[in-house]
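All values derive from a computational prediction rather than experimental measurement. Side chains are part of it too, since the values below use all heavy atoms of this structure and drop only hydrogens, waters and symmetry mates. Naming convention: chains lettered A, B, ... in sequence-line order (proteins, then strands); numbering from 1 in each chain.
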Amino acid sequence: MHADSQEEQQVAESGTGPTVEETTTYEVEAVQQKWRPVWESLDCFRPADDGSRERRYALTMFPYPSGDLHMGHAEVMALHDVLARYWWQRGYDVMNPIGWDSFGLPAENAAIRRDEHPATYTYANIETQAESFRRYGVSFDWSRRLHTSDPEYYRWTQWLFLRFRERGLAYRKFSPVNWCPVDQTVLANEQVVQGMCERCGAEVTKRELSQWYFKVTDYAQRLLDDMGQLEGKWPDRVLAMQRNWIGRSEGAHVDFDIALASGETRTVTVFTTRPDTLHGATFMVVAADAKLAAEVCAPERREALEDYLADVRRASDIDRLATDRPKSGVDLGVTAVNPVNGEQIAVWASDYVLADYGTGVIMAVPAHDQRDLDFARAFDLPVRRVVDTGEENPEESGVATTGDGTYVSSGDLDGLTDKATGIARTIEKLEADDHGTGTVNFRLRDWLLSRQRFWGAPIPIVHCEACGEVAVPDDQLPVELPDLRGADLKPKGTSPLAAAEDWVATTCPSCGGPAARDTDTMDTFVDSSWYFLRYCSPDFTEGPFDPEAVRRWMPAAQYVGGVEHAILHLLYSRFFTKVLHDMGMLDFVEPFTALLNQGQVINQGKAMSKSLGNGVNLGEMIDLYGVDAVRLTMVFAGPPEDDIDWADLSPQGSLKFLQRAWRLSGDVTSDAGTDPAGGDTALRKATHKTVAEAEQLLEGHRFNVMVARVMELVNVTRKAVDSGCGPADPAVREAAETVTVLLSLVAPYTAEEMWERLGHQPTVARTGWPTVDPALLVDDSVTAIVQVQGKVKARLDVAPDISDVDLEAVALADPAVVRALDGKEIRKVIVRAPKLVNLVV
RNA sequence: GCGCCCGUAGCCCAAUGGCAGAGGCACCAGGUUUAGGUCCUGGCCAGUGAGAGUUCGAAUCUCUCCGGGCGCACCA
């Protein structure tokens, strides 16, 4: 397309519109350069925000500024922009903001390598990406742009931290934490994947550190309950992942008394989901790394426990995660009393019990829990079946039975066959005897938010010897980062901020004495948990956001982004929203009404990666095929949720189609403004049907099918021009203009160029959605099929409003049907007018 | 181990219980063209992973199996 386009380029640049005779293609790059400045001067995507039209908030996950945009950005923005532009055409007042999630490690690492400030790398990349977004023609409102690393932004991140702390939702505690030895920082539970650092892939180790947490566990039940509002509007799998992550389980706390070596009795509580199997609890297991293990351990077993603990610590999380790993453990030399039968049972320590789930201690019921059974068999501990499921006794088979069955050796429960009743009755009895209570346990842990890195929002706390932890007063926010760069930022295992002694040394806001600033910064997920609120009033100086502006725009009507944020970002944002609701700052509890997770762009069946050498460069694709062809390829590839394999696609084909559509705009010979009434009816019907169907498809996010429908309309219009009603027919103009408006959602440059050739002023993006004439959606006749025994025997042209009775009569009179029936007796007739008759003989 | 999703032409994908094919890629042929490409027209190609069930009727609903993908995972 570039080879022979000299002439056309001149034509395009002169703006006089080439004729069909002169050329059959347009110069893509020239058209892009022609319209960009026009759009920018029109500023056509800034919402009026005056209530004149219904508001809609189109939100896309803001990018992290690492290098230039890549194929993934191109996909998500293409899909997102279809919706935003559709809403504009439908007459909504659309807010479609863009910003950058601009704190984070890559910038810091780059700064160390290049001996500069992280801001240098960060803001240079932001400018590169911003320029690419503009070239890509995304309908952003640039006036709302924000960067989380700007002091005007993180001032409010810090402000929110302090409000959370006032409510007891931000606190510091000393405990074992996940530590990434490469990034030299702690990680949230959510950032550890398969025992590795989610970011760099290094094996995560444990450290005992004093760290800041958000009390997200206080909101576990509400995070779960409010998902009811999202059902059907968020992808099921995301909801499933969140539910899974929150991990609610119902069960009971049961108290066991342990007779300590000292002669004292210590009451220890276990969590179990199967209190009904309490009679089968034949030993207890304490998490080896829990304090409790050492506390209850008999003196003569202490050495064995310490040896075991040393072994456990040597094993990494990776080893721990290996399945089918043999059970290990150590006998603590004390016994506990089973509260339901008074039996003395052994107390062991093992690493298969987790210190930070439930109470860190379990009652082991080997007959009905495979892990407990494996442990019992490894150490020759008793196994007692208390539920007879009809399967082989676990004691012999080595396979624990977990299903329903008849209770045996279980006191009052004996003979019962229903698990739910068994559980309920046991809890009742435990509560009556004061040995335990029914309870709910969550897998969700509190969110560890402090990081020992530089490029993040400083935690606005001062440590004073006299007053302890003191909040930085609101009027002293933001606590700005000191000017550190290059080697100053090298990871040392403590925050680089600690090295900035002038910065650390401060005075206590409370007593005025000498004090030290907290040297940790916040996880960047804190920044991204509220940016969608800030967009509503990005310049607001009285708070993180103007509550009135948020009331007008939030919750976001549609959030578009990658499924990689299915847990972390979305859970945290939901948590923030609920807390802000409880603070009276928001009148809703869920921030994102609907969620669309686009698939990934892959190549040759695999994720693009440097090591595989299968990366596709977005800039090169755009240079080769143009912005519109790349966008169209992304949108047309398949359902938005599916992965796109670039190797399966044809940007060349997309370009071919765009040229084909563009050619139509030059064929139209009627004047702009020509009344389509009286135009070719068949073509008008095709046009109006396409619009009606496109509406349904767009509402259902079935953009690929919408594109196919536009292609069909282009095809029938082509035929109408060449061998039908001819280019002067008003229906041809109507069809071409409709194609242009529909294409404006996907291919803005081509559409704008077509719009001009059709005699209109920019911008087609705001011209409005075509009005569907219902009369043109009705066919003169439709094809009804007649089946005999479910096999098609005849096709009939009938009126679309034919009645069931009439259709049956016509069908039965059809000679082909009569032949097929062959005089057999009709037993049943199914009529679905006007489409189908099925005769059962 | 628990949970979820997906198998339709050579390929990407339509068909929301009613004629398996809308659209595209690739391929083939004809027209246009000095030629190639572009462009226009036409064509080729599967019985829906396998089996069973429900139904007048199943790609679509149910079950089992096979194949592929994803999430969580010693979570008591």
Do A/K835 and B/rC19 share a donor-acceptor pair, side chain to base, under 3.5 Å? no

Nucleotide opposite B/rA29 in a Watson-Crick or G-U pair, distances under 3.5 Å: B/rU41

Salt bridge present between A/D667 and A/R663 (N-O < 4.0 angstrom): no

Are any of the side-chain heavy atoms of A/Y357 and A/S249 separated by less than 4.5 Å? yes

Find the distance between CG (A/L309) and CG (A/D289) and round it off to the nearest 0.5 Å. 7.0 Å

Can you tell me the distance, in whole Å, between the CZ atom of A/R832 and the P atom of B/rG17? 13 Å

B/rC19, OP1 or OP2 - any side-chain N/O from A/T783 closer than 4.0 Å? no

Out of A/L292, A/V268, A/I258, which one pairs with A/V286 under the side chain to side chain contact (heavy atoms under 4.5 Å, CB included) rule? A/L292

My understanding is that a pair needs two contacts under 3.5 Å, Watson-Crick or G-U wobble. By that rule, which nucleotide pairs with B/rC13? B/rG21

Over how many whole Å does the gap from A/W662 atom CH2 to B/rC39 atom P extend? 12 Å

How is A/Q787 classified with respect to the nucleic acid when contacts are heavy atoms under 4.0 Å: base, sugar-phosphate, or nothing? base

Rounded to whole angstrom, note down the C1' distance from B/rG53 over to B/rG24. 37 Å

On RNA chain B, check which nucleotide each of A/V361 and A/V840 is closest to and give me the residue with the more 5' one. A/V840

When only distance counts, do a donor and an acceptor, one from the side chain of A/N838 and one from the base of B/rC56, lie under 3.5 Å apart? yes

Can you tell whether the side chains of A/R827 and A/E825 come within less than 4.0 Å, N to carboxylate O? no

Base paired to B/rC2 (Watson-Crick or G-U; both N/O distances under 3.5 angstrom): B/rG71

Is it the case that the ring center of A/F379 lies less than 6.0 angstrom away from the ring center of A/W348? yes

Is A/K327 close enough and on-axis enough to A/F375, meaning under 6.0 Å and within 45°, for cation-pi? no

When A/F271 is tested against each of A/V361, A/V254, A/T439 for side chain to side chain contact (heavy atoms under 4.5 Å, CB included), which residue passes? A/T439

Quick one: A/I644 CD1 to B/rG69 P, roughly how many Å, whole number? 20 Å

Under 3.5 Å for both donor-acceptor distances, Watson-Crick or wobble: does B/rA52 have a partner, and if so which one? B/rU62

Contact class for A/A637 (heavy atom, under 4.0 Å): base, sugar-phosphate, or nothing? sugar-phosphate

What's the base orientation of B/rG23: syn (chi within 90° of 0) or anti? anti

Which nucleotide sits closest to the side chain of A/I362: B/rA73, B/rC19, B/rA76? B/rA76

Just by protein heavy atoms under 4.0 Å, how would nucleotides 22-27 of chain B read 5' to 3' in B, S and -? BBSS--

Please determine whether any donor N or O and acceptor N or O are separated by less than 3.5 Å between the side chain of A/R795 and the base of B/rC19. yes

First encountered from the 5' end of RNA chain B, between A/A240 and A/T273: A/A240

Atom NZ of A/K327 and atom P of B/rA76: how far apart are they, to the nearest Å? 14 Å

With a non-hydrogen cut-off below 4.0 angstrom, is A/K719 in contact with a base, only sugar-phosphate, or nothing? sugar-phosphate

Whole-Å distance between B/rA76 P and A/L354 CG? 10 Å

